[in-house]
Amino acid sequence: MNMLTDFPVSLIVLCSGFVLILIGLWGMLTQQNMIRIIIGFSLMDTGIHMVMVSIGYVTGGTAPIINDAVPVNEAVNLVVDPVPSALVLTAIVIGLGVTAVMLSFAVRLHKAHKTLKIDEFTESRW
Amino acid sequence: MIKRLFIFIMLALMATIFFNLASNYEENRSLSKLGRYYVEKGPQEIGAPNLVTAVVVTYRGLDTLGEVTVLFISAAGVGLLLRRSRRKQDDEQINGEQQEENIVASKPASEIVETATQLLLPMIILFGIYVFMNGHLSPGGGFQGGAIIASGTMFLLLALPESHLSRLMIAITESLSGFSYVVVGVLGVILAGGFLDNRFMDLGTYGDLFSAGAIPLIYTFVGLKVGFELSAVLDRFRQEDSESESA
């Protein structure tokens, strides 16, 4: 029991988020295949969401939705911070939009050069 | 080699920053001041049991409008990018015929998938509508409901690749719901406290489906807009795919 209170759940989420950010960055920087770069971006995106959610966690808190289990009067002591949750909701949608645009870029580049290797596009770099 | 070294150094530095952040992390014991305000005042001011929805749609409603705009721009960008490449492909068609021959025509979906689609598609769309109509009461909301509707479209496109989505219908629905969203926001300025204020409609009984003022209305528009927008994006990718195969 003592072990559990010393090592909070949100810390696990936070550390997993940081690890995902690093994996995503590594993938974006080292991979040649454009699809893999996009996957790296998505991993980093997810990692950042996890970090943001874990920052909003309050010890013992539950989802900020008022119902029978969370009465209005006691809600302040029972729920997690709704602001980071709302921010992550926004961030997920933006990430989706960015991913869609990146994928269509990849499709178009593949049409033009018949390859997904990013090093083949040196002539159109700038 | 030198590039790899730089990448390694950068990742190591990032890892150090993250390690310091994580080792100094302390779990919050209570809400931040802003969070406390939203949790205390939200239910009375906005009338929405789901406080995340109260923050997203009303307190930070302008951000959500911007978010919808970003999604719209990215959908438009996908349309632009994939349309242009198609025109280019028509020019290349003659040159590329030999390569095209090697591509095997995609296998049609099995009967089980087709039947399951016909059975499940209405339910998926109904579930999407449920999620965005109940965004102020339960977990969910316009974006989630829209994503569920788009997943229904994805299902349809996978099972019945020949099915035709009307671009015009999608464009009209999307534009109308986007426009209505802004109109609802402006009505908030005229009839209530400010842009996207939900209180120009009666707050109703707390916890009812039609309560919390304009939130169900706003989330319906957002849900429709997101759902049709994502369907249009999926359709663009699908057409790109089928044209490269049939050309």
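Values in this document were obtained by computation on a predicted structure and should not be read as measured data. So that the names make sense, note that chain A is the first sequence line, chain B the second, and so on, each numbered from 1.
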## Note on the structure
Rounded to the nearest 0.5 Å, the CZ atom of B/R4 sits from the OG1 atom of A/T30 at a distance of 6.0 Å
### Query
Do you know the tightest heavy-atom contact between B/S138 and A/I65?
C-CD1, 4.2 Å
### Distance-minimising heavy-atom pair for A/L11 and B/A22
CD1-O, 3.5 Å
### Task
Apply the test side chain to side chain contact (heavy atoms under 4.5 Å, CB included) to residues A/L87 and B/R60: give CA-CA distance (whole Å), side-chain angles for both, the deciding distance (0.1 Å), then the verdict.
CA-CA 10 Å; A/L87 277 176; B/R60 306 301 313 159; over 6 Å; no
### A/I21, part contacting chain B, at a heavy-atom distance under 4.5 Å
side chain
### Task
Provide the closest heavy-atom pair for A/S85 versus B/V52 in the form atom of the first, atom of the second, distance.
CB-CG2, 3.9 Å
#### Entry: Heavy-atom closest contact (B/L81 atom, A/V101 atom, distance)
CD1-O, 4.0 Å
### Atom pair CD1/CG of A/I55 and B/L21 - distance to nearest 0.5 Å
8.0 Å
### Message
How close do B/Y25 and A/S10 get, counting heavy atoms only, and between which atoms?
### Response
OH-OG, 2.8 Å
### Query
Going through the distances and angles, do B/K3 and A/L29 end up as a side chain to side chain contact (heavy atoms under 4.5 Å, CB included)?
CA-CA 9 Å; B/K3 187 184 154 202; A/L29 291 172; over 6 Å; no
### Message
Could you report the tightest heavy-atom contact between A/G97 and B/S74, atom names first, then the distance?
### Response
CA-OG, 3.4 Å
### Interface moiety of A/V51 toward chain B, non-hydrogen atoms closer than 4.5 Å
neither
### Heavy-atom contact with chain B under 4.5 Å, split by part of A/A63
neither
### Task
Identify which part of A/L103 has an atom lying under 4.5 Å from any heavy atom of chain B, answering side chain, backbone, both or neither.
both
### Task
Rounded to the nearest 0.5 Å, what's the gap from CD1 on B/I7 to CE on A/M28? Could you check?
11.5 Å
### Task
Select one option (side chain, backbone, both, neither) describing which atoms of B/L11 are under 4.5 Å from chain A's heavy atoms.
both
